[in-house]
Amino acid sequence: ADGGAYKPYPGVTSNEQYYNINIDPNITYFTKNNVKHTLRLRYYNVTMLRNENFDNYNNQLFGEYQFLKRTTKDWVFTAGVAGSLGFTQSTVIGDATARTYYGGIYAQVEKKLWDRLSVVGGVRYEVNIFSPPQKISGFDTIPVFIPDFSIPVFRFGVNYALNEFNNIRASWGQGFRSPSVVERFVKGEIGPLVFFANPAIKPEYGWNAELAYKRQFTGEKFQGYFDFALFWNEYRQMTEFVFDLYPQVQEGTGIIYYTP
């Protein structure tokens, strides 16, 4: 049919090719005193080839060591360290290469009380560092380590078993996320849409809470459960793309026009 069909706007379609590589070696070692040592490593590569020179190459190295100790009095202690290195090269940030570094430590304690109540609490502290090249998408940067927003975050949770088939749980936790290289410096066009970089974007952070009830069902030929949960989330400085009109100056004429 020549009419009545939905068709993409000219310039918004593209041909894309993705190539992924990931290598995940893991080692777990148990000792005689109820201690578990875990080492997790990962190499992750994503290559995106797209027409109109929208190519992207990303390499990520990650490592984590975790220590877990179980005691005879229903205590579980968990602690660990983690870190990663990221290298991003993309034409959407001016064909530049940016580096990101992350390091963190964490600890958690779990305890079971009276065979019905389980309590867990933990804390995590991490540092995110961004190392841009001298210029990205036409923006001058400082090619040195730039520490991002970093604070300790906490989490707490309880689970109470009313009986064998009914449970009530509640939890509260914090978190934050640093903006990616693309969220800071992406600049380009897709059809009539124009993307503007925002180098001054700040990390987002917030907290969430949950209160839930779970009911399990068992029979001779079936098993199932019903789970009802209430959530509450709050965010600060949340990162998201915003559609708006931005003034532009036409080269050679000085005419001001607006683009979405």
Side-chain angles (χ1 to χ4, degrees), residues 16-26 38-50 53-66 79-107 122-155 173-188 190 195-208 235-242:
E16 299 178 357
Q17 295 179 338
Y18 289 88
Y19 302 92
N20 297 338
I21 299 174
N22 60 282
I23 304 174
D24 301 276
N26 297 309
T38 304
L39 179 64
R40 301 183 182 95
L41 302 173
R42 162 172 280 200
Y43 168 73
Y44 185 61
N45 170 271
V46 178
T47 299
M48 183 191 77
L49 303 178
R50 179 179 176 181
N53 296 321
F54 271 62
D55 297 339
N56 181 75
Y57 308 91
N58 183 272
N59 292 278
Q60 194 82 21
L61 299 173
F62 172 81
E64 179 186 10
Y65 165 74
Q66 184 180 93
V81 295
S84 69
L85 304 175
F87 305 87
T88 300
Q89 180 181 4
S90 177
T91 54
V92 299
I93 59 174
D95 202 22
T97 300
R99 296 171 176 84
T100 56
Y101 305 85
Y102 150 79
I105 59 175
Y106 61 90
V123 59
R124 182 183 186 95
Y125 183 80
E126 63 183 53
V127 176
N128 292 272
I129 298 175
F130 176 58
S131 180
Q134 188 172 2
K135 188 180 289 289
I136 297 182
S137 297
F139 292 93
D140 292 326
T141 63
I142 303 175
V144 296
F145 292 161
I146 302 177
D148 255 339
F149 175 85
S150 184
I151 58 173
V153 293
F154 300 88
R155 66 180 296 261
Q174 297 172 304
F176 75 93
R177 186 185 71 87
S178 295
S180 66
V181 176
V182 172
E183 289 171 329
R184 276 185 167 127
F185 295 103
V186 64
K187 186 179 180 181
I190 299 180
F195 296 91
F196 295 93
N198 185 4
I201 193 172
K202 297 180 179 180
E204 61 186 24
Y205 63 98
W207 61 271
N208 67 83
Y235 298 94
R236 299 290 184 273
Q237 302 172 172
M238 185 174 180
T239 302
E240 59 182 344
F241 287 97
V242 177

Heavy atoms of Gly63 and Leu41 approach each other most closely as CA-CD2, 3.9 Å
Do Thr100 and Tyr102 have side chains that approach each other closer than 4.5 Å (heavy atoms only, starting at C-beta)? no
Name all residues meeting the salt bridge (Lys or Arg N to Asp or Glu O under 4.0 Å) criterion together with Arg155; count only those two or more places apart in sequence or in a different chain, and write none if there are none. none
Gln66 side chain near Tyr106 side chain, heavy-atom distance below 4.5 Å: yes
With side-chain contact (heavy atoms from CB on, under 4.5 Å) as the criterion, how do Ile21 and Tyr19 come out once you've worked through the C-alpha distance, each side chain's angles and the decisive distance to 0.1 Å? CA-CA 7 Å; Ile21 299 174; Tyr19 302 92; over 6 Å; no
Assess the residue pair Phe176 and Val153 against the criterion (side-chain contact (heavy atoms from CB on, under 4.5 Å)); give the C-alpha distance rounded to whole Å, side-chain angles, the decisive distance to 0.1 Å, and a yes or no. CA-CA 8 Å; Phe176 75 93; Val153 293; 4.0 Å; yes
Looking only at side chains, do Asn59 and Tyr43 share a donor and an acceptor under 3.5 Å apart? yes
For Tyr235, the side-chain hydrogen bond (donor to acceptor under 3.5 Å, both in side chains) test, sequence neighbours excluded, returns none
For Pro203, does its backbone N or O pair with a side-chain atom of Gln237 as donor and acceptor, under 3.5 Å? yes
Please check this pair: side chain of Gln174 against backbone of Phe154, looking for a donor-acceptor N/O pair closer than 3.5 Å. yes
Gln60 side, atom CD; Arg42 side, atom CZ - distance, nearest 0.5 Å: 9.5 Å
Any side-chain donor near an acceptor of the partner, Asn22 and Asp24, under 3.5 Å: yes
Could you state the interatomic distance from OH (Tyr57) to CG (Asn45), rounded to the nearest 0.5 Å? 10.5 Å
Distance (rounded to the nearest 0.5 Å) between Tyr65 OH and Leu39 CG: 9.0 Å
In chain order, what residues pass the salt bridge (Lys or Arg N to Asp or Glu O under 4.0 Å) check against Arg40, with sequence neighbours excluded? Glu64
Sub-4.5 Å side-chain heavy-atom contact between Thr47 and Tyr18: no
